Amino acid sequence: MNKHIKYMYDYEKIKPELPKKIQTLFDELRNFCLSLGNDVIEDVRMHRIVFCKSINFRWFADIKPDNNTLLIKIQKNRKESKIINSNYDINEIKKIIRDAYEKIN
């Protein structure tokens, strides 16, 4: 079972604030990140969600809305990160996120 950290914010509470155009994509990427492994931790923040691997909080994906798109910051290690947006092909985004999840330590 995936671990979910309960902070002040809950995804179901921030979801209605997302532009309708990106809600479905946000849900799909969120569910994909959570499906990567039992060690995935979801950290819901005010306007974004950060996905971490294990309790040491090595984050691999930070997804936030930006107007009518999503900005996805990817981190493979402490020295390598990049930002993509949701204009990429969804399968390519998932491949990049999976690669980051597998390489983060």
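Quick note: residue numbers are just sequence positions, from 1. No experiment lies behind these values; they were computed from the predicted model shown.
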Decide whether Leu71 and Val50 are clustered together by the hydrophobic rule: side chain heavy atoms of Ile, Leu, Val, Met, Phe, Trp, Tyr closer than 4.5 Å, transitively.
-> no
**Message:** Contact between Ile84 and Ile93 at the side-chain level, heavy atoms closer than 4.5 Å - yes or no?
**Reply:** yes
Open item on the list: Using the rule that Ile, Leu, Val, Met, Phe, Trp and Tyr join whenever any side-chain heavy atoms are under 4.5 Å apart, tell me whether Leu70 and Ile96 fall into a single cluster.
Closed with: yes
Sorted by chain and number, sequence neighbours left out, side-chain hydrogen bond (donor to acceptor under 3.5 Å, both in side chains) with Lys73 holds for none
When rounded to the nearest 0.5 Å, the distance separating CD1 of Ile72 from CD1 of Ile63 is 5.5 Å
Ser81 meets the side-chain hydrogen bond (donor to acceptor under 3.5 Å, both in side chains) criterion, sequence neighbours left out, with none
Residues passing the ring-ring contact (aromatic ring centres under 6.0 Å, His included) test with Tyr88, sequence neighbours excluded, are none
Here the salt bridge (charged side-chain N to carboxylate O under 4.0 Å, His left out) pairs for residues 61-70, sequence neighbours left out, are Arg48-Asp62
Could you state whether Ile22 and Met46 fall into the same hydrophobic cluster, counting links through intermediate Ile, Leu, Val, Met, Phe, Trp or Tyr residues with side-chain heavy atoms under 4.5 angstrom apart? yes
The ring-ring contact (aromatic ring centres under 6.0 Å, His included) partners of Phe60 (sequence neighbours excluded) come to Tyr101
Side chains of Val40 and Glu42, heavy atoms from C-beta outward: is any pair under 4.5 Å?
no
CG of Leu29 to OG of Ser86, rounded to nearest 0.5 Å, is 8.0 Å
- request: Taking the side chain as every heavy atom from C-beta outward, state whether Trp59 and Ile104 have any pair of such atoms under 4.5 Å apart.
  value: no
Sequence neighbours excluded, the answer for side-chain hydrogen bond (donor to acceptor under 3.5 Å, both in side chains) partners of Glu28 is Lys94
| said: I'd like to know if Asp99 and Lys103 make a salt bridge, using a cut-off of under 4.0 Å between side-chain N and carboxylate O. | reply: yes
CD1 of Ile41 to CZ of Phe51, rounded to nearest 0.5 Å, is 12.0 Å
Kindly indicate whether the side chain of Ile74, heavy atoms from C-beta on, has any atom under 4.5 Å from the side chain of Ile97.
yes
Distance col, row Arg98:CZ vs Ser35:OG, nearest 0.5 angstrom, shows 6.5 Å
Residue pairs meeting salt bridge (charged side-chain N to carboxylate O under 4.0 Å, His left out), one or both in residues 81-92, sequence neighbours left out, come to none
Residue pairs passing the ring-ring contact (aromatic ring centres under 6.0 Å, His included) test with at least one member in residues 11-35, sequence neighbours excluded, are Tyr11-Phe26
Here the side-chain hydrogen bond (donor to acceptor under 3.5 Å, both in side chains) pairs for residues 15-25, sequence neighbours left out, are Lys15-Asp27
Those residues at least two apart in sequence (or on a different chain) that pass side-chain hydrogen bond (donor to acceptor under 3.5 Å, both in side chains) with Asn87 are Asn85
